[in-house]
Engineer: 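First the structure, which I've put down as structure tokens, then a few questions once you've had a look.
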Number of protein chains: 2
Amino acid sequence: MLMGEQSAQSGSDRQSRPSGQPSLGMLAFLAYRQTEMRSMAAVEAAGYTITLSQARLFERVSPEGSRLTELAESAQLTKQSAAYLVDELITGGFLRRSPDPEDGRAKLITITDRGYEVIAVARRSEAEVEDEWRSHLGDGSFDTLRRLLAELSEVTDPFR
Amino acid sequence: MLMGEQSAQSGSDRQSRPSGQPSLGMLAFLAYRQTEMRSMAAVEAAGYTITLSQARLFERVSPEGSRLTELAESAQLTKQSAAYLVDELITGGFLRRSPDPEDGRAKLITITDRGYEVIAVARRSEAEVEDEWRSHLGDGSFDTLRRLLAELSEVTDPFR
DNA sequence: TATAATAGTCAGACTATCTGACTACTATTG
DNA sequence: CAATAGTAGTCAGATAGTCTGACTATTATA
């Protein structure tokens with residue numbers, strides 16, 4: 001990464017970026033980290049035990065079921081690492097693994113009812129954060145931001 | 001996090017978010033991840049050996065020097081973890097540690113010339129990515145995006 | 001000057017991640 | 001349709017990175 005958090009730090013004496021502008025990457029990171037932290041805190045407060053690594057994998061599981069290889073790619077992990085996290089999420093009761101009817105080699109990883117409970121909690125927390133952002137920016141700017149980030153995702157999302 | 005990457009995935013049959021909108025957090029993540037990956041690749045291609053964890057710590061070192069505790073807080077790590085990464089970055093020649101003249105307990109962690117070389121490589125890569133984004137969005141939208149993300153950082157940046 | 005607070009280190013455990021080698025099944029092709 | 005290549009996942013072992021708890025040294029406070 002190395003994108004000059006300094007400029008996003010204390011603000012005063014911390015300037016290594018000549019332009020004085022923190023990079024867009026860092027600004028994006030700050031937004032991302034806030035939603036992630038708030039979601040994790042909400043999920044924990046609701047009594048679910050799940051680590052950040054598990055959550056980052058979990059959120060990539062499709063409602064229709066995902067294959068391990070798919071998850072590993074989208075989370076940018078090896079299959080082995082993904083399998084390790086999936087095992088833990090199964091132990092936690094958030095996921096299940098069943099044979100994939102369409103391919104004898106594959107297994108479908110799906111979300112349990114308990115898993116959906118966690119998703120609901122996270123979604124509520126997300127919505128809360130987005131509401132705060134909307135209040136800060138104003139409706140028009142908030143919608144513009146969403147639209148521009150969505151448009152940007154055409155080039156930043158590796159899965160499209 | 002748990003913010004519904006699904007909607008940012010294949011696009012077609014992968015929809016768990018009723019609204020059909022990927023969360024802002026996920027959109028921000030995609031942008032952030034792209035700059036991070038490109039910077040890391042550029043730094044590696046330039047012949048420097050540095051891991052992602054090291055980079056995430058390294059970028060938080062201020063040009064004026066930082067203290068370990070400061071770095072640990074901003075990277076959201078324990079002092080022990082931060083110290084471990086700093087040690088590796090010192091071994092790699094990117095940082096140095098010297099006594100802090102202002103506080104006998106503290107040590108100042110500063111960037112070496114070699115460290116600045118790495119920063120320069122990363123900065124160039126960042127600028128490259130931002131140029132691509134500008135081409136995709138157009139000048140006006142790009143500037144708006146930067147402005148809105150900067151404004152948003154007033155509420156997402158924990159260090160201000 | 002005692003006491004509390006702060007900056008950092010040491011030791012040990014555990015989580016998350018990797019590489020390499022493997023099994024089982026599916027797809028291709030001659 | 002048998003041999004071969006490719007794909008999905010697992011097993012075993014190593015390593016990086018992170019944590020908790022206990023500690024030393026120094027500074028600030030009562």
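Below, chain A is the first sequence line, B the second, and so on; all start at residue 1. Computed from a prediction, not measured in an experiment: that's the story for all the values here.
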Engineer: Does Thr69(A) make a side-chain N or O approach to OP1 or OP2 of dG9(D) shorter than 4.0 Å?
Structural biologist: yes
Engineer: Choose from dA21(C), dG9(D), dG8(C) the nucleotide whose nearest atom is closest to any side-chain atom of Gln80(A).
Structural biologist: dA21(C)
Engineer: Is Thr78(B) close enough to dT18(D) that one of its side-chain N or O atoms is under 4.0 Å from OP1 or OP2 there?
Structural biologist: no
Engineer: To the nearest angstrom, how far is Asp100(A) atom CG from dT10(D) atom P?
Structural biologist: 13 Å
Engineer: Have Thr112(A) and Arg96(A) got a donor and an acceptor in their side chains that come within less than 3.5 Å?
Structural biologist: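 Per modelled atom types, Thr112(A) and Arg96(A) side chains form no pair under 3.5 Å.
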Engineer: Quick one: Leu52(B) CG to dC18(C) P, roughly how many Å, whole number?
Structural biologist: 11 Å
Engineer: Is there a side-chain contact between Tyr48(A) and Arg114(A), using heavy atoms and a 4.5 Å cut-off?
Structural biologist: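 With C-beta onward as the side chain, the pair touches.
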Engineer: Nearest whole Å is fine: how far is dC14(C) P from Gln54(A) CD?
Structural biologist: 17 Å
Engineer: Can a side chain N or O of Ser81(B) be found less than 4.0 Å away from OP1 or OP2 on dG17(D)?
Structural biologist: no
Engineer: Which listed nucleotide (dT17(C), dT26(C), dG9(D)) is nearest to the side chain of Asp103(A)?
Structural biologist: dT26(C)
Engineer: Side chain of Arg105(B) only, heavy atoms from C-beta on: which candidate in dG8(C), dA25(D), dA8(D) is closest?
Structural biologist: dA25(D)
Engineer: Measure OH/Tyr84(A) against P/dT19(C) and give the value in whole Å, please.
Structural biologist: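 After rounding, the gap between these two atoms is 17 Å.
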Engineer: What is the separation between atom CG on Leu85(A) and atom P on dG9(D), rounded to the nearest whole Å?
Structural biologist: 15 Å
Engineer: Looking at dA16(D), I'd like to know if its phosphate oxygens (OP1 or OP2) sit under 4.0 Å from a side-chain N or O belonging to Ser53(B).
Structural biologist: no
Engineer: Expressed in angstrom and rounded to an integer, what is the separation of Glu102(A) atom CD from dA24(C) atom P?
Structural biologist: 23 Å
Engineer: Examine the side chains of His136(B) and Glu151(A) and answer whether a donor and an acceptor come within less than 3.5 Å of each other.
Structural biologist: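 Result is no, nothing qualifies.
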Engineer: Leu57(B) has an atom CG; how far is it from atom P of dG17(D), in whole Å?
Structural biologist: 11 Å
Engineer: Can you tell if the side chain of Leu52(A) reaches within under 4.5 Å of the side chain of Glu36(A), non-hydrogen atoms only?
Structural biologist: yes
Engineer: Select from Ala106(B) and Gly104(A) the residue whose nearest nucleotide in DNA chain C is closer to the 5' end of that strand.
Structural biologist: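 The residue whose closest nucleotide sits nearer the 5' end is Ala106(B).
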Engineer: Checking only heavy atoms, does the side chain of Lys107(B) share a donor-acceptor pair with the base of dG8(C) at less than 3.5 Å?
Structural biologist: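 Donor-acceptor pair under 3.5 Å: no.
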Engineer: If the cut-off is 4.0 Å, is Thr51(A) near the phosphate of dT15(C), judged by side-chain N/O to OP1 or OP2?
Structural biologist: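 No, no such contact exists.
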Engineer: Take atom CG of Leu71(B) and atom P of dT6(C), then tell me their distance rounded to the nearest Å.
Structural biologist: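 Distance check: Leu71(B) CG to dT6(C) P gives 18 Å.
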Engineer: Is there a side-chain contact between Arg97(A) and the phosphate of dT10(D), meaning an N or O under 4.0 Å from OP1 or OP2?
Structural biologist: yes
Engineer: dT26(D), OP1 or OP2 - any side-chain N/O from Arg67(B) closer than 4.0 Å?
Structural biologist: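 False: Arg67(B) side-chain N/O out of range (4.0 Å or more) of dT26(D) OP1/OP2.
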Engineer: Ignoring hydrogens and angles, state whether a donor on the side chain of Glu88(B) or Tyr84(B) is under 3.5 Å from an acceptor on the partner side chain.
Structural biologist: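 The answer is yes; a qualifying pair exists.
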